[in-house]
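Beneath this line is the structure, given in structure tokens, with notes to follow.
Hydrogens, waters and symmetry mates play no part in the numbers below; they use all other heavy atoms, side chains included.
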Amino acid sequence: MSSRRDRIRAKIMSRVRINPVTGCWEWTGPDSGKNGRGKGYPRMSLDGQTVAVHIAMWTNEHGYIPGKKELDHACRNRLCVRPEKDHVEMVTRKENAKRREQAKRIIGHNGGPKFECEELEASS
């Protein structure tokens, strides 16, 4: 008989597509929609409650997330549920906000190249 952890992992992985370029485990099921603070994050039903899939996967694999911590998509892909440090990482709220601001200045997986805007360069 499989454990509850095995069943949760299997349920999540049944709706995951592995991106061969980035290594992200991308959720193919429902998400939180296009509006609001949590827009675009994967959602699923677990024991009759709607939960964030990346959080469910993290706690299933690593355990409890303390109240002063939150999960950051280090890969910058909200659909990624891979519970490994270069994809989803537990950080402080301050660190998460700092990384979010840094990500606005760059594009690409795991801190890809800086965004260069040709229009801005032409007008300089």
So, does Ser32 use its side chain to make a donor-acceptor pair with the main chain of Gly40 at under 3.5 Å? yes
Side-chain heavy-atom pair Asn77, His73 within 4.5 angstrom cut-off: no
Which residue pairs pass the side-chain hydrogen bond (donor to acceptor under 3.5 Å, both in side chains) test when at least one of the two sits in residues 49-64, sequence neighbours left out? Arg9-Glu61
Shared-cluster residues of Val91, by chain and number - hydrophobic side chains joined below 4.5 Å: none
Listed partners of Asp47 passing side chain to side chain donor-acceptor pair (under 3.5 Å), at least two apart: Arg4
Nearest heavy atoms of Arg82 and Gly23, plus distance in Å: NH1-O, 2.7 Å
Is there a side-chain contact between Val88 and Pro83 (heavy atoms, below 4.5 Å)? no
Transitive ILVMFWY cluster of Met44 at side-chain heavy atoms under 4.5 Å: who else is in it? Ile8, Ile12, Met13, Val16, Ile18, Trp25, Trp27, Leu46, Val51, Val53, Met57, Val81
So how far is it from Asp86 CG to Cys75 SG, rounded to the nearest 0.5 Å? 8.0 Å
What pair of heavy atoms forms the shortest contact from Ser2 to Arg7, and how long is it? O-NH1, 2.8 Å
Provide the full list of side-chain hydrogen bond (donor to acceptor under 3.5 Å, both in side chains) pairs with a residue in residues 88-97, sequence neighbours left out, each pair given once. Glu70-Arg93, Glu70-Asn96, Glu89-Arg99, Glu95-Arg99
Flag, side chain of Arg78 to backbone of Lys39, donor-acceptor distance under 3.5 Å: yes
Which residue pairs pass the salt bridge (charged side-chain N to carboxylate O under 4.0 Å, His left out) test when at least one of the two sits in residues 11-23, sequence neighbours left out? Arg17-Glu26
